[in-house]
Structure formats: C-alpha cells, structure tokens
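Scroll down for the structure; my scribbles are underneath it.
Position 1 is the first residue of the sequence; numbering continues from there.
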Amino acid sequence: MLRRALKDNRLSLDISAMGPTALGRMPSAFALRWLETLTLVLIAGIWSTSAHPASDGPRLTAIVSAFAPEMAVLRTDLEDAASQPINGVEFVTGRLEGREVVLFLSGISMVNAAMTVQLALDRFPIDRVVFSGIAGGVDPELDIGDVVVAERWGQYLESVFARNVGEDWETPPFFEYPYANFGMMFPRSVTLARAGEAELETRFWFPADKTMLSQARRAAAGIELERCTEEGSCLPQAPKIVIGGSGVSGGAFIDNAAFRDYAFRTFGARVLDMESAAAAHVARANGVPFIAVRSLSDLAGGSEQANRLEVFFHLAADNAARVVKALLREMSDG
C-alpha cells in the first residue's frame, strides 16, 4: 500500500493502490494517525538526504534572541564580526568570550523561532544552540530581573480545544493528554522525527543539554545581576539566578493570573515565553545540544500592578546576556 522510493535526492510516494476514496473509508482515528505518520515519514526522508553543512572552519555556538534589544549587549561585545544575510535574517559570526559564535534574531513566536533555528543549522556548522532573552515569570518565588535556566521545555499550546458536553469536556481518544486542562485547552504530547533515528518519538518535554546545565551552574557563581534600569527604576531586591526546573512556551503573550497559576501548578513551570520550546524541539530533531537563558521582564499577570515589561525589559535582557557570556567563558575553560 505504501511505497517510498529515494531517487536523485527526491522523495516519491506511491499511494495509487489505495484508490481515490480509501482515506475516506478509514476510521477517523486511524486516518488521522496515518496522515500524521505519513507527514513525519516524508519529513524524515527529506532530512535524511540533507546533510548539515560541511566546513573546514571551527564549530560554532549559535546564540539566538527573539528581538534586537535582547541581542544588543552580546552584539556589542562580539569580536571580528562578519555579517551574512540569508532569507532576510542577518547572521553575524565572530568571537565572544573565547568562543566562535554565530548570532541571529529568531523573531518573536514559535514559528519564527523554529524557522530561523533550522535555517541556521542548515547553513552553519553549529554544535550547540543557546537562547538568550526575556520571559514572563511563573514561579511565585521568582521576581522581575531573576534569570532562569530551565532543564526542560514544553509547549503548552500543543493542545486539543475540547468539545463542550453539558458541564464537562469531551476529548478525542486518539491523542495523549499528559497534563490537566485549562478550561477547554488540553495539552498534548507532540510526535517528531529525529536525525539518525528510525523510530518517531512522542514527548511533551524537550530537555536542555546536561553538560551546558552543569556549566551554567558553575558560571552562575559570582555573577552580579543588574537591579536598576538606566532611567532609575529599581527592583526591591537583587535578582538571582536559578538553574533547573521547567519552562513552557506557546504562541501567546500571557498576562493572566489564572493561567500563570495553572502553568505553575500543572507543569511546575518557573518561566514562560514564546520561543524556547520551539527552538528546543528543532535542536532535538537535529541532534544538537540546546539551552535557554531567560530573565524575567514581567510576571505574566501575577503582579498587582499593570504589566511592567516596558519598564524592565532592557534590564532583564542585559541580565540574561550576562549569564550567557559567563556560560561561554565556562565552555572555553573546558
């Protein structure tokens, strides 16, 4: 029924034996699983014929930020900078804290992050991905300015929006639901193809690299984070660095106390943003180590005051960059 042929680096699929109405006769759950698996098989076949770029030069650490203010400090300190635009994205190579790096902006959102990280992996000899930027705080023990280096990332909007039946919700039986719902929203796991792996993988969490987590723990010692903005707005206490715990990402800007509480209770999340889990997903699919360094610019609706991102995002971005630079120094020391 299903025949896959690989010819001249092109993937062809013969489903003619199925007939024009075969899919329509399948049970709905089976049809959905078949189509999902077929899509991933196609993706896996394309990836298997596309090697990462060969290079006689050094391997690079990719440093990614969502938007320009998050990258400003890192870009200023970059030595021997050389810019290369690809598909509208500016990639800047050079040396930072003793490491050969490539810096680029992902753009805000899960899709932008996935697209630009994959583009970078396809075009540059990258051996690790580091995300640097701001985020919303979820853990009530944390405050604005604190830096979180989470040990795993999940996608809270990878969800089923369930059918309302009376006073309850009815979910389709053909997905996994590893966590409690938020109203009609039922988080689900995601299935992905991985480089070098024959089997598809289904998971909710995408882990940060253990070696870089250990390096981040060592790097955190002795870092002094900013407490006051250039305009004179100061935090009530000195910010701190937290290594470990969970982070979640989704294509929504969260400024809602009820959802913040849900994310903390359900996922044990310390932080949430709009890019990290997507970048972690792409890195895992490509077999490349990943870590994200996120500093809290706001409390995702948890503050009694109005959202204060515009007041503290420069401070938060600079604090994240300080930790990233210390992490790079730790890498350079072996």
Student check: side-chain heavy atoms of L119 and M115 closer than 4.5 Å
no
When rounded to the nearest 0.5 angstrom, what distance separates CZ in F104 from OG in S83?
13.0 Å
Can you label the angle between the Y177 ring and the F175 ring as parallel, tilted or perpendicular, going by 30° and 60°?
perpendicular
Aromatic contact, F290 with F206 (centres under 6.0 Å):
no
May I ask you to decide if the ring planes of F313 and F67 are parallel, tilted or perpendicular, using 30° and 60° as cut-offs?
tilted
V288 versus D127: any side-chain heavy-atom pair under 4.5 Å?
no
Side-chain heavy atoms of I63 within contact of F131, under 4.5 Å:
no
Using side-chain heavy atoms (C-beta onward) and a distance below 4.5 Å, is I243 in contact with I241?
yes
Check whether any side-chain heavy atom of T93 sits under 4.5 Å from a side-chain heavy atom of Q84, and report yes or no.
no
Using the side-chain contact (heavy atoms from CB on, under 4.5 Å) rule, take V271 and D139 through it: C-alpha gap first, then chi angles, then the decisive distance, then the call.
CA-CA 7 Å; V271 60; D139 186 337; over 6 Å; no
Strictly below 4.0 Å, N to O, side chains only: are K325 and D77 in salt-bridge contact?
yes
F91 versus L103: any side-chain heavy-atom pair under 4.5 Å?
no
Backbone N/O of S65 and side chain of S132: donor-acceptor pair under 3.5 Å:
no
Between R322 and D318, is there a side-chain N and carboxylate O pair less than 4.0 Å apart?
no
Salt bridge or not for E201 and R203, using N-O below 4.0 Å?
yes
Taking R260 for its side chain and G137 for its backbone only, find out whether a donor-acceptor pair lies under 3.5 Å.
yes
Under 3.5 Å, is there a donor-acceptor pair between the side chain of T266 and the main chain of Y262?
yes
Mark yes or no for whether N164, through its side chain, and G166, through its backbone, hold a donor-acceptor pair below 3.5 Å.
yes
The criterion is salt bridge (charged side-chain N to carboxylate O under 4.0 Å, His left out); which residues satisfy it with R217, sequence neighbours excluded?
none
When you measure from the side chain of R270 to the backbone N and O of G244, does any donor-acceptor pair fall under 3.5 Å?
yes
Do the side chains of R188 and E158 get close enough for a salt bridge, i.e. N-O under 4.0 angstrom?
yes
Give the intermediate values and the outcome of side-chain contact (heavy atoms from CB on, under 4.5 Å) for residues E230 and H314.
CA-CA 9 Å; E230 292 182 356; H314 280 294; over 6 Å; no
Do the side-chain N and O atoms of Q118 and N286 include a donor-acceptor pair separated by under 3.5 angstrom?
yes
Would you mind reporting whether K240 and L225 have side-chain heavy atoms less than 4.5 Å apart?
no
Just by distance, no angles: are the side chains of D273 and S249 close enough, under 3.5 Å, to form a donor-acceptor pair?
yes
Between R294 and E275 (salt bridge meaning N to carboxylate O under 4.0 Å), is one present in this structure?
yes
Taking the six-membered ring for Trp, are the ring centroids of Y156 and F267 within less than 6.0 Å of each other?
no
Minimum heavy-atom distance P178-S189, with the two atoms named
CG-OG, 3.7 Å
Look only at the side chain of R95 and the backbone of G98, and say whether a donor-acceptor pair between them is shorter than 3.5 Å.
yes
